[in-house]
Amino acid sequence: MCGIVGYIGPQDATPIILNGLKRLEYRGYDSAGLAVLQNSHIEVRRDAGKLARLATLLEESPVHGHVGIGHTRWATHGEPSARNAHPHLGMTGNVVVVHNGIVENFLELRDELIAEGVVFNSETDTEVIVHLIERYLSSEASLPEAVKRALRHLKGAHGIVVLSSREPDKIVAARIGNAGGVVVGIGKGEMYVASDMPAILEHTRQMVFLESRQMAVITQDALSVQSLDGGQVQYEVHQVAWDPIAAEKGEYRHFMRKEIHEQVRSLTETIAGRVDFEKARIRLSELNLTPELAKRIRKIFITACGTASHAGMVGKILIERIARVPVELDIASEFRYRDPILDEDTIVLAISQSGETADTLAAMEEARRKGATLWSIVNVIGSQAMRIADGYISMQTGPEIGVASTKAYTAPLVDLYMLAILLADLRGTLDRKKRRQLIADLLLVPDLVGKCLDREPEVEVVARALMNTSHCLYLGRGINMPTAFEGALKLKEISYIHAEGYAAGEMKHGPIALIDRSMPVVVIAPRDPWYEKMFSQIEQAKSRGGTVIALATDGDELISTVADHVIWLPDTPWMLTPVTTVIPLQMLAYHIAALRGLDVDQPRNLAKSVTVE
Ligand code: M6R
């Protein structure tokens with residue numbers, strides 16, 4: 001996953017940037033680079049591969065200076081290569097940029113810039129940013145002003161850091177949305193900037209975190225923060241403890257909340273490396289899915305535990321709807337005991353964040369024994385479930401520390417959506433127009449998730465109302481039935497409140513007896529093909545005196561007339577609603593547990609990786 005480090009001050013910037021990038025290595029990356037202002041000239045060194053490669057480049061061709069920026073890149077647009085690695089220089093050689101995030105409208109911006117005579121040197125989306133900045137710098141704007149103007153054109157979430165030889169005394173950094181953070185470290189007569197605090201913590205504990213739509217102008221002695229929409233902003237300097245764990249938590253009290261907020265970034269990185277935007281095609285190279293295998297598959301069994309199994313339930317619907325391949329979903333602890341019918345034309349797809357869950361591994365062994373093709377979707381690189389599979393998709397979430405899985409739930413949802421498109425494409429059952437539409441919808445995901453996260457204050461109000469409840473019922477239908485299961489699991493595991501997730505249509509067959517004034521009912525009712533049915537469920541719960549908390553799409557005024565609380569969701573293409581509907585439920589569980597003063601990250605009796613059967 002991408003990382004950024006920058007330095008301005010009296011020391012040599014090169015080793016500081018290299019060290020900082022090293023501290024972000026654990027996030028995973030496939031190329032690295034830096035740009036340093038040497039004798040008023042920007043020098044760039046970059047290549048595909050690890051930091052050791054960059055270090056060798058720097059030994060062969062050293063650069064030294066007092067201002068510089070560096071980047072580790074996880075390929076999104078364009079393969080890992082020297083020309084696609086960051087930093088990216090503009091045509092004049094006077095401006096250089098590093099960037100985290102996806103420029104959602106880059107094709108459009110690239111065409112516009114090409115028409116103005118700009119020549120592109122890479123396949124990246126990032127390059128449009130540097131050319132836009134140059135466009136405004138050449139019209140005599142200052143660097144901060146040019147950055148501000150350039151950023152107005154970008155869609156999506158971004159963290160960017162810019163350097164210009166025209167204004168060598170400063171670094172400009174900005175954050176839009178949640179494509180990772182931007183933190184400025186304040187030293188004595190020197191300043192640091194990074195995407196993640198651990199990169200600069202060895203130099204300073206005084207940190208300023210940029211909020212969304214803020215821009216920092218950093219000189220060696222001063223920091224000024226401005227809003228991208230208005231004037232100066234009063235910033236707060238945080239004194240951070242010298243503790244690597246606390247450092248990892250950054251501005252958050254708990255890992256779970258941090259990880260919930262990392263989802264714009266993790267989903268951006270989940271999508272980007274796998275989509276060929278121009279051809280509207282999905283690439284999942286590590287899956288080893290050939291057209292021949294795709295055509296041969298008769299059935300897919302998805303197997304997983306807990307949260308991962310809920311992702312699998314959504315996957316079943318997506319693969320069946322998009323690729324028209326039959327899918328069965330099995331809880332891993334049950335799979336091998338039911339003697340499943342498998343052969344070489346069946347796929348067993350295991351989903352596991354840790355890749356070490358004993359039940360899931362046992363299910364994979366059973367599949368192997370019976371001759372099925374084994375796939376996995378895994379977060380931990382090098383884990384068992386990755387190693388023993390014939391093909392895999394690695395979640396691009398970075399480490400998940402909180403025991404309650406959050407970002408490692410939404411990433412496989414998106415992976416399964418992409419897998420469904422790829423399968424359909426290879427089997428020849430998806431026409432080009434439909435494929436383009438599905439991929440265009442996919443690109444909306446990071447922004448939609450960002451919009452859900454922005455509504456955290458509304459969720460906190462509901463959390464306060466529910467914090468003393470003893471029970472809670474979650475209802476969902478269709479593609480959001482698993483969301484109800486997942487919302488209930490999140491609440492019970494960290495708040496110890498008894499919660500049940502139920503298929504909404506099943507309520508009348510039993511659980512309706514539980515509904516009275518003391519039973520809050522969380523109803524997941526986005527505008528999807530099951531909306532009308534869900535609406536009648538709300539009325540049924542209301543007429544039995546239940547307190548209804550509805551998750552509904554912006555503008556759905558009807559729902560506010562019946563629900564006691566509404567948590568609003570951005571309008572989302574229905575196949576992707578499970579990615580947005582779960583975000584408020586993760587936040588709800590988090591805030592209830594935090595308000596109850598519980599150990600959110602390490603709830604009692606639970607482990608992050610369940611290695612016993
Ligand atoms: O590592 P895995 O994804 O295989 O773990 C599966 C479950 O143990 C896990 O999802 C568990 O349910 C979490 N505590 C949910 O938050």
Side-chain angles (χ1 to χ4, degrees), residues 254-260 262-263 266 270 302-315 329-336 348-365 367 374-389 392-416 474 482-497 499-501 578 582-583 585-590 592-593 598-613:
H254 297 106
F255 278 108
M256 183 180 174
R257 182 150 177 260
K258 175 175 185 256
E259 286 159 3
I260 290 172
E262 277 175 348
Q263 288 176 105
S266 61
T270 295
I302 300 181
T303 187
C305 303
T307 286
S309 74
H310 301 150
M313 288 177 194
V314 176
L329 186 280
D330 274 86
I331 301 293
S333 53
E334 294 292 331
F335 185 67
R336 68 176 164 156
V348 173
L349 166 59
I351 307 175
S352 174
Q353 174 280 132
S354 62
E356 300 293 349
T357 300
D359 289 322
T360 309
L361 293 175
M364 292 178 82
E365 273 162 28
L374 261 184
W375 287 348
S376 60
I377 301 182
V378 183
N379 196 28
V380 177
I381 311 271
S383 60
Q384 280 275 92
M386 186 178 274
R387 289 202 311 269
I388 64 177
Y392 65 88
I393 303 176
S394 77
M395 299 179 202
Q396 304 298 326
T397 67
E400 188 180 68
I401 311 287
V403 164
S405 199
T406 51
K407 58 180 181 168
Y409 175 67
T410 48
L413 295 180
V414 169
D415 289 330
L416 288 158
Y474 286 68
T483 313
F485 297 165
E486 178 57 11
L489 176 61
K490 284 288 89 76
L491 185 66
K492 73 181 110 178
E493 69 180 334
I494 59 167
S495 73
Y496 316 143
I497 292 171
E500 293 288 344
V582 79
I583 306 285
L585 300 183
Q586 294 171 344
M587 295 195 288
L588 184 64
Y590 169 79
I592 290 176
L598 296 170
D599 187 350
V600 175
D601 286 331
Q602 286 177 342
R604 68 187 180 206
N605 308 338
L606 290 174
K608 187 68 188 159
S609 172
V610 185
T611 52
V612 288
E613 271 200 63

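We count ligands from 1, going down the list as the structure has it; atoms in each ligand are counted the same way.
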Mark up the atoms of ligand 1 that fall under 4.0 Å of a heavy atom belonging to [X], in ascending order.
{"X": "Glu493", "answer": "13 (C), 14 (N), 15 (C), 16 (O)"}
{"X": "Thr307", "answer": "10 (O), 12 (O), 15 (C), 16 (O)"}
{"X": "Ser405", "answer": "15 (C), 16 (O)"}

- Item | Candidate list Lys490, Glu400, Glu486, test side chain to side chain donor-acceptor pair (under 3.5 Å), partner Ser405, passing option | Glu400
- Message: Check Glu262 with Lys407, please: is the shortest side-chain N to carboxylate O separation under 4.0 Å?
- Response: yes
- Partner set under salt bridge (Lys or Arg N to Asp or Glu O under 4.0 Å) for Glu259, not counting sequence neighbours: none
- Message: On a heavy-atom basis, I'd like to know which of Thr357, Ile494, Val403 is closest to atom 4 (O) of ligand 1.
- Response: Thr357
- Item | Heavy-atom nearest neighbour of atom 6 (C) of ligand 1 within options Ser354, Cys305, Ala404, Ser309 | Cys305
- Phe335 side chain reached by Val348 side chain, heavy atoms, under 4.5 Å: yes
- Task: Could you tell me whether Lys490 approaches ligand 1 through its side chain, its backbone, both or neither, with non-hydrogen atoms closer than 4.0 Å?
- Result: side chain
- Looking only at distances, please establish whether an N/O atom of ligand 1 is found under 3.5 Å from an N/O atom of Thr360. no
- Task: Would you mind telling me which of Ile393, Ile351, Val314 makes a side chain to side chain contact (heavy atoms under 4.5 Å, CB included) with Leu416?
- Result: Ile351
- How long is the gap from CE on Met313 to OG1 on Thr483, to the nearest 0.5 Å? 10.5 Å
